[in-house]
Number of protein chains: 2
Amino acid sequence: MAMKALIKCNSKRYPRQRYEFRARIAKALAHPSRLLMLDALAEGEMCVCELTELVGADQSTVSKHLAVLKQAGIVEDRKDGVMTIYSLKTHCLSGMWKCIETVLKENLKEQQKALGE
Amino acid sequence: MAMKALIKCNSKRYPRQRYEFRARIAKALAHPSRLLMLDALAEGEMCVCELTELVGADQSTVSKHLAVLKQAGIVEDRKDGVMTIYSLKTHCLSGMWKCIETVLKENLKEQQKALGE
DNA sequence: CACCATTATGGTATAATTGCCATATGGCCA
DNA sequence: TGGCCATATGGCAATTATACCATAATGGTG
């Protein structure tokens, strides 16, 4: 007989809320344009018009993307005259992609291996 | 007159593909149940039946979540008789949440400050 | 070989995300 | 003040994600 369910759902150990919080952040990161903007912002603050040109989408689209990032607490904004300047609220996120990229490279290697078979 | 677009979209500096790759990973992380499973898997491999009980969703739902994680290259699976055992392909992801949680705490502090005003 | 346990997959209804247009808002300057 | 510039927001259509049910596929067991 197969071993079954040694671990039951333990809300103390795996509090549902924790993963909802995390998912909110991960969702905010789950779009190429937003990631592009974060990468650019890692080098310094930028106004919406610059980011719009960088991303190459409609200004309203970019504005909404920025709202998502702000809502998640990943960026913050300040007003400078008529412009809104966005900047990273934390720089620790940029480092995390080193790890992610490791996974990606690993995937690639396996794909190539699979193709070779 | 406002300063405009000092930085133009530089595909060398900000290659579109990089952010699509990253978004694929971020999307795979963008669900509470998947994050819960990853946290559990960080402590050791588990079969689908255990994960199903842990998550508390339909078995088919969990199976599809696992497929997403596998597709993203975050987990891998092996067969053991009738069971499929899933395990983390890399452990470096767990560390990344320390950073994310920092952001979350920062958000919370600001919310509290805002409420106090 | 029939049967049960474990997973995976197809179907489908519902919810969430995304993008662009149009438009509102608010600052700046002649 | 009138007009322009930079942003944000509402609306809408199209795509994507998610969940559950039913069911197929596969391995172990009596």
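In what follows, chains are A, B, ... by sequence order, proteins preceding strands, each numbered from 1. All values below come from the heavy atoms of this structure, side chains included, with hydrogens, waters and symmetry mates left out.
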Using atom types as modelled and distance alone, determine if a side-chain donor or acceptor of Arg78(B) lies under 3.5 Å from a backbone N or O of Tyr86(B).
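Not confirmed, Arg78(B) side chain does not pair with Tyr86(B) backbone.
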Main-chain N/O of Ala57(A) paired with Thr61(A) side-chain donor or acceptor, under 3.5 Å:
no
Could you check Ser63(B) against Arg34(A) and say which one's nearest nucleotide on DNA chain C is further toward the 5' end?
Ser63(B)
Test: Asp39(B) and Arg13(A) ion pair at under 4.0 Å:
no
Does Gln59(B) contact dA8(C) through a side-chain donor or acceptor facing the base, at a distance under 3.5 Å?
yes
Measure [atom1]/[X] against [atom2]/[N] and give the value in whole Å, please.
| X | N | atom1 | atom2 | value |
| --- | --- | --- | --- | --- |
| Leu51(A) | dA6(D) | CG | P | 14 Å |
| His31(A) | dA17(D) | NE2 | P | 11 Å |
| Asp58(B) | dT23(D) | CG | C1' | 12 Å |
| Leu66(B) | dA8(C) | CG | P | 7 Å |
| Met83(A) | dT25(C) | CE | C1' | 17 Å |
| Glu20(A) | dA16(C) | CD | P | 13 Å |
| Lys27(A) | dA17(D) | NZ | C1' | 9 Å |
| Lys64(B) | dT23(D) | NZ | C1' | 12 Å |

Does [X] put a side-chain nitrogen or oxygen below 4.0 Å from OP1 or OP2 of [N]?
| X | N | answer |
| --- | --- | --- |
| Thr84(A) | dA8(D) | yes |
| His65(B) | dA17(D) | no |
| Tyr86(A) | dA6(D) | no |
| Thr61(B) | dC20(D) | yes |

Of the nucleotides dA8(C), dC21(C), dA8(D), which one has an atom closest to the side chain of Ser60(A)?
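The closest nucleotide is dC21(C).
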At their closest point, which heavy atom of Met83(B) faces which heavy atom of Cys49(B), and how far apart are they?
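Closest pair (atom of Met83(B), atom of Cys49(B), distance): SD-SG, 4.4 Å.
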Looking for any heavy atom pair under 4.0 Å, which part of the strands does Ala67(A) touch: base, sugar-phosphate only, or nothing?
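Nothing: the residue Ala67(A), judged by heavy atoms under 4.0 Å, touches no strand.
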So NE2 of His65(A) and OG of Ser60(A): to nearest 0.5 Å the spacing works out to 9.5 Å
